[in-house]
Protein chains: 2
Amino acid sequence: MYFCSIEKYMTQSEENYLKAIYHLGRQNPGVISTNAIAEEMQTKPSSVTDMVKRLAEKGYLNYRKYQGVNLSEKGRHKALMIIRKHRLWETFLVEKMNFTWDEVHEIAEQLEHIQSEKLIDELDRFLSYPKVDPHGDPIPDRNGDVESRNSKLLSNLDINASGICIGVRDSSSSFLRYLDKNEIALGDRIYVMEKEDFDDSISVRIGNRNLQLSHAIASNLIVTQELE
Amino acid sequence: MYFCSIEKYMTQSEENYLKAIYHLGRQNPGVISTNAIAEEMQTKPSSVTDMVKRLAEKGYLNYRKYQGVNLSEKGRHKALMIIRKHRLWETFLVEKMNFTWDEVHEIAEQLEHIQSEKLIDELDRFLSYPKVDPHGDPIPDRNGDVESRNSKLLSNLDINASGICIGVRDSSSSFLRYLDKNEIALGDRIYVMEKEDFDDSISVRIGNRNLQLSHAIASNLIVTQELE
DNA sequence: ACATATTTTTAGATTTGTCTAAATTTTATG
DNA sequence: CATAAAATTTAGACAAATCTAAAAATATGT
Ligand SMILES: [Mn+2]
Ligand SMILES: [Mn+2]
Ligand SMILES: [Mn+2]
Ligand SMILES: [Mn+2]
């Protein structure tokens, strides 16, 4: 619970840093290093230091010199609101604007910075309160709550096990187009038939088709073994 | 016809200047002064000079020192594309997002800078190719063509004449809310019953209601006497 | 026409976000 | 533990867009 003083809008750059820091925090919890942020943001560590100081100043980050950062409660909430917008816009683009799932990310990167709470809540309603975006990533609700799911990487399933594909870890255009080409879609049940020790590739069955998937592919597909 | 070299994106600020210059050119054709642009953009003449030089450099404006500017063909086309986006987004917000016509302008000012031709063409389709925005302003098509309409200001109609309200000259929230409060809407036929010499106010009839409108109001309502 | 007012441009400063290069701190290693 | 390597921060510069104050050009009035 934080005080809602008359906060000025953040710049797009500030918002992008917060989002990057949130994502890095998910990948490996704990404190996040300057270098990691620089890598994620495709910029220099010195630029990161500057921005990190500003965000800490404004209360979005906890920061100790040379020790890295993590998000404050206020920063976490803000990051989740940006991610909510990003994923709702991606859903809009696919559901209503005839975009494919590999075309939406760049445009959502722009749209996520539009400032209007009403717009985003109306968009949510218009899309019938979707739970996940076109890539299977969960959409935080207006309070910043995200449904957590019991998920695994396909590459970690045992032989003879199966799971329903619910997301992708890498949502680059090239990976998404690979999946399209091989007719692998979210919602498909994937059975692991064989695992090759030599290169960690796996044989899977989807519907009535058998496919050979490299480790690079299998380790980027997220599956669930729970009932929905 | 201009060559489509690999143009970098314009900044939002550059786009806003182009739009302002376009609007000023409509208001009184000919050359546009630095001061007029500064007034429209709520900034200082010196800032205008800087920006005008850059836009001229890039071929969007014709500019001679101390002589003012006007849009080149390339600049006019670019301005129309931004206006197209603005008005399509306003239409979207009213038609699909439950916004009222007095709430949409500020958000459209943000959305008009989103860069995606496909998105804007899909939005056009999604909205069934609207001809006008929620304020009655015509929406340029994807080639930059705008339907011109035969319009007058209500204040210029003769006694006993009538016209259909097709637009507003001032689309500030306060004016739009005044119209809502007095149940004056686009599409209404307005009859001029009486004109008061003293203060230029007029008596009108809309449906079965009689209203007294000040000159300030009547001179901001656009009507047409043509059949649609 | 020519002094005065107005408009426009220039010069120099500021803010945001970035960069490179150098300095500092932390971490790893013999 | 001392020293080398790696990570991080500082210092100083730059580009975009803005500002104020001053200079230059244009317009106006008698
Ligand atoms: Mn995305
Ligand atoms: Mn996504
Ligand atoms: Mn508008
Ligand atoms: Mn409008």
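Values in this document were obtained by computation on a predicted structure and should not be read as measured data. In the text below, chain A, chain B and the rest are named by the order of the sequence lines, each starting its count at 1.
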Results of side chain to side chain donor-acceptor pair (under 3.5 Å) for [X] - residues two or more places apart only:
| X | answer |
| --- | --- |
| B:Asp199 | B:Ser201 |
| A:Asp170 | A:Ser172 |
| A:Glu40 | none |
| A:Lys195 | none |

Under the salt bridge (Lys or Arg N to Asp or Glu O under 4.0 Å) criterion, do B:Glu112 and B:Lys19 qualify, and how do the steps go?
CA-CA 11 Å; B:Glu112 73 188 3; B:Lys19 201 171 42 129; 2.8 Å; yes

Between [atom2] of [N] and [atom1] of [X], the distance in whole Å:
| X | N | atom1 | atom2 | result |
| --- | --- | --- | --- | --- |
| A:Lys53 | C:dT15 | NZ | P | 17 Å |
| B:Ile37 | C:dT9 | CD1 | P | 9 Å |
| A:Leu55 | C:dT16 | CG | C1' | 13 Å |
| B:Met51 | C:dT9 | CE | P | 15 Å |
| B:Gln12 | D:dT18 | CD | P | 11 Å |
| B:Met10 | D:dA15 | CE | C1' | 17 Å |

side-chain hydrogen bond (donor to acceptor under 3.5 Å, both in side chains) contacts touching residues 126-142 of chain B (sequence neighbours left out)
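Only B:Glu90-B:His135, B:Asp121-B:Arg142 qualify under side-chain hydrogen bond (donor to acceptor under 3.5 Å, both in side chains).
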
Quick note, side-chain hydrogen bond (donor to acceptor under 3.5 Å, both in side chains) partners involving residues 22-37 of chain B, not counting sequence neighbours, are none

Are A:Lys96 and A:Phe126 in a cation-pi setup, meaning NZ or CZ lies under 6.0 angstrom from the ring centre and within 45 degrees of the ring axis?
yes

Kindly write out the residues that satisfy ring pair (Phe, Tyr, Trp, His ring centres under 6.0 Å) with B:Phe92, not counting sequence neighbours, or none if the list is empty.
A:Phe92, B:Trp89

Using the test ring pair (Phe, Tyr, Trp, His ring centres under 6.0 Å), find all partners of A:His113 that sit at least two apart in sequence or belong to another chain.
none

Tabulate protein N/O versus nucleotide N/O from nucleotides 19-21 of chain C, keeping only pairs under 3.5 Å, one per line.
unit_1	atom_1	unit_2	atom_2	d
C:dC19	OP2	A:Thr43	OG1	2.3
C:dC19	OP2	A:Lys44	N	3.3
C:dC19	OP2	A:Ser47	OG	2.8
C:dT20	O4	A:Ser46	OG	2.9

Close approaches to DNA chain D from residues 18-28 of chain A, in residue order (heavy atom, under 4.0 Å):
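None, since no heavy atom is under 4.0 Å.
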
Phosphate-side-chain proximity, A:Tyr17 and C:dT18, N/O vs OP1/OP2 below 4.0 Å
yes

Counting side-chain heavy atoms from C-beta on, which of C:dT18, C:dT16, D:dT10 comes nearest to A:Ser13?
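From the listed options, C:dT18 comes nearest.
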
Mark up nucleotides 3-8 of chain C, 5' to 3', with B wherever a protein heavy atom is under 4.0 angstrom from a base atom, S wherever such an atom reaches only the sugar-phosphate, and - elsewhere.
----SB

Non-neighbouring partners of B:Ser46 that pass side chain to side chain contact (heavy atoms under 4.5 Å, CB included), sequence neighbours left out
B:Lys44

